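The structure presented is a predicted model; accordingly, all values stated were derived computationally and were not measured. Chain letters run A, B, ... following the sequence lines, proteins first and then strands; every chain starts at 1.
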2 protein chains.
Amino acid sequence: MKTPAVIAALAALAHEYRLAIYRLLVEQGTGGLPAGAIGDRMGLQPSSLTFHLQALQRAGLISQQRASRQIIYSADYDTMNGLVGYLTDNCCAAEGAACCPAPSARAARTARRKKAA
Amino acid sequence: MKTPAVIAALAALAHEYRLAIYRLLVEQGTGGLPAGAIGDRMGLQPSSLTFHLQALQRAGLISQQRASRQIIYSADYDTMNGLVGYLTDNCCAAEGAACCPAPSARAARTARRKKAA
DNA sequence: TTGACCTTTCGAGAATTCTTGAAATATCGT
DNA sequence: ACGATATTTCAAGAATTCTCGAAAGGTCAA
């Protein structure tokens, strides 16, 4: 995951409503949720909801799919994996720093991520 | 780590300069770096640099310490750990979702975090 | 094809964030 | 105490993000 994409994902999640929407969609799993249902739970105006959904989508955190009249949104787990990978990798660059996951866990996660990419 | 703090940390990192500054400080380890040296490397105006350093500091991602005339900034790893923990915990809330680190790694990280808090 | 439903688009205004230069603060060496 | 160095504060303006209401775009059922 490149730095501009990381910044986009961070910015997308750095908002009360968007973080809540994303968490809600993660809970829903691959089934996702139609826009209207999201708006109801969040108490958001339709146009405001679309604004935030688009922000999440541009960042690659969620994706949409039309189902007749409704538009179903669901979480894109890959982007979150990439984000967490970037943050953990860049968290412990200094050797011996008292931080983050233990080296073994970090190595395992890096290997898994490289395979996925 | 509570949601407002998570949003603050995400917002602080969601900016080109601030993410670069944070990464630079992480590389430096506990020794940190004086404000001037950060500004030189980033090519930032002093007042702009202070603005961004304060944003990172308010989010708990970095801390400062005076050393005679200079002010040394260094990364606060705990907040990043908390942020990564929050993101990983909330990434795989749906059971069986094809996402994030394997359950065992997640459990280990959660246990470590709880101990630290 | 008409009307109802669900969602997005558009435009305007409010709020927030970012940048910049000038002035202020704090520390040091002389 | 004075001048130099390092950084922050302040105020103003530019840029961006967010919210809201009205209108438009698809999709379905009759």
Side-chain angles (χ1 to χ4, degrees), chain A residues 3-25 28 31-76, chain B residues 3-25 28 31-76:
Chain A
T3 302
V6 168
I7 291 172
L10 289 168
L13 293 171
H15 187 279
E16 181 187 352
Y17 298 154
R18 289 195 296 262
L19 184 57
I21 291 171
Y22 182 74
R23 292 229 281 156
L24 177 60
L25 290 178
Q28 302 303 312
L33 220 53
I38 300 171
D40 288 348
R41 295 221 205 176
M42 300 276 136
L44 280 173
Q45 303 276 132
S47 54
S48 194
L49 175 66
T50 297
F51 174 84
H52 291 300
L53 287 172
Q54 285 176 338
L56 287 166
Q57 197 172 16
R58 269 194 304 273
L61 286 161
I62 66 175
S63 56
Q64 65 174 194
Q65 182 188 358
R66 182 175 279 278
S68 89
R69 260 179 276 194
Q70 316 186 84
I71 295 190
I72 312 291
Y73 284 89
S74 51
D76 253 8
Chain B
T3 302
V6 168
I7 291 172
L10 289 168
L13 292 171
H15 186 281
E16 182 188 352
Y17 298 155
R18 289 194 295 263
L19 184 58
I21 290 171
Y22 181 74
R23 292 229 283 154
L24 177 60
L25 289 179
Q28 302 303 312
L33 218 54
I38 300 171
D40 288 347
R41 295 220 206 178
M42 300 276 137
L44 281 173
Q45 303 274 133
S47 54
S48 193
L49 175 66
T50 296
F51 175 83
H52 292 300
L53 287 173
Q54 285 176 339
L56 287 166
Q57 197 171 15
R58 271 195 303 271
L61 286 161
I62 66 176
S63 56
Q64 65 174 193
Q65 183 188 357
R66 181 176 280 277
S68 88
R69 258 178 278 194
Q70 315 187 79
I71 295 190
I72 311 292
Y73 284 89
S74 50
D76 253 8

Peer 1: Using a cut-off of 4.0 Å on non-hydrogen atoms, how would the nucleic acid contact of A:Glu16 be classed: base, sugar-phosphate, or nothing?
Peer 2: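 Counting heavy atoms under 4.0 Å across all strands, no contact is made by A:Glu16.
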
Peer 1: Counting side-chain heavy atoms from CB outward, which of D:dT8, C:dT8, C:dC6 is closest to A:Gln70?
Peer 2: C:dC6

Peer 1: Among the candidates C:dT19, C:dT9, D:dT19, find the nucleotide nearest to the side-chain atoms of B:Ser48.
Peer 2: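 That would be C:dT19.
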
Peer 1: Side-chain contact test, heavy atoms from C-beta onward, threshold under 4.5 Å: evaluate it for B:Ile38 versus B:Leu25 and give yes or no.
Peer 2: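 A side-chain contact under 4.5 Å exists here.
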
Peer 1: Grab the CZ-P distance between B:Phe51 and D:dA15 for me, whole Å please.
Peer 2: 16 Å

Peer 1: Is there a donor-acceptor pair closer than 3.5 Å between any side-chain N or O of B:Arg18 and the backbone N or O of B:Ala12?
Peer 2: yes

Peer 1: For the pair B:Ile21 and B:Leu49, evaluate side-chain contact (heavy atoms from CB on, under 4.5 Å) and give the outcome as yes or no after the intermediate values.
Peer 2: CA-CA 9 Å; B:Ile21 290 171; B:Leu49 175 66; 4.0 Å; yes

Peer 1: So if I take every side-chain heavy atom of A:Ser68 and compare against D:dA6, D:dC28, C:dA22, which nucleotide ends up nearest?
Peer 2: D:dC28

Peer 1: Between D:dC20 atom C1' and A:Leu44 atom CG, what is the distance in whole Å?
Peer 2: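 A:Leu44 atom CG is separated from D:dC20 atom C1' by 12 Å.
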
Peer 1: Ignoring backbone atoms, test whether A:Gln54 places a side-chain nitrogen or oxygen under 4.0 Å from the OP1 or OP2 oxygen of C:dT9.
Peer 2: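 For A:Gln54, the contact criterion (side-chain N or O under 4.0 Å from OP1 or OP2 of C:dT9) is met.
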
Peer 1: Whole-Å distance between C:dT16 P and A:Tyr17 OH?
Peer 2: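 Rounding to the nearest Å, OH of A:Tyr17 and P of C:dT16 are 12 Å apart.
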
Peer 1: Can you tell me if the side-chain N/O atoms of A:His52 get under 4.0 Å from OP1 or OP2 in D:dT19?
Peer 2: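 It does, given that an N or O in the side chain of A:His52 lies less than 4.0 Å from OP1 or OP2 of D:dT19.
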
Peer 1: For A:Thr50, answer base if it contacts any base atom (sugar-phosphate contacts may also be present), sugar-phosphate if it contacts only those atoms, and nothing otherwise; contact means non-hydrogen atoms under 4.0 Å.
Peer 2: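 Contact class for A:Thr50: base.
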
Peer 1: If you check every side-chain atom of B:Pro34, which of D:dT7, D:dA4, C:dT9 has the closest atom?
Peer 2: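 For the B:Pro34 side chain, the nearest candidate turns out to be D:dT7.
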
Peer 1: Return the value, rounded to whole Å, for the distance between atom CD of A:Gln45 and atom P of D:dG21.
Peer 2: 5 Å

Peer 1: Nearest whole Å is fine: how far is C:dT7 C1' from A:Tyr73 OH?
Peer 2: 8 Å

Peer 1: Report yes if a side-chain nitrogen or oxygen of A:Arg18 is closer than 4.0 Å to either non-bridging phosphate oxygen (OP1 or OP2) of D:dC18; otherwise report no.
Peer 2: yes

Peer 1: Using atom CD1 of B:Ile71 as one end and atom P of C:dA26 as the other, report the distance to the nearest whole Å.
Peer 2: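 After rounding, the gap between these two atoms is 11 Å.
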
Peer 1: Are side-chain heavy atoms of A:Tyr73 and A:Gln57 found at a separation under 4.5 Å?
Peer 2: yes

Peer 1: Measure the distance from CG on B:Leu33 to C1' on D:dT7 and round it to the nearest whole Å.
Peer 2: 14 Å

Peer 1: Closest to the B:Arg66 side chain: D:dT8, C:dA26, C:dC5?
Peer 2: C:dA26

Peer 1: Rounded to whole Å, how long is the line connecting atom CG of B:Leu49 with atom C1' of D:dT8?
Peer 2: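 Rounded to whole Å, this separation is 10 Å.
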
Peer 1: Yes or no on side-chain contact (heavy atoms from CB on, under 4.5 Å) for B:Gln64 and B:Leu53, after CA distance, side-chain angles and deciding distance?
Peer 2: CA-CA 9 Å; B:Gln64 65 174 193; B:Leu53 287 173; over 6 Å; no

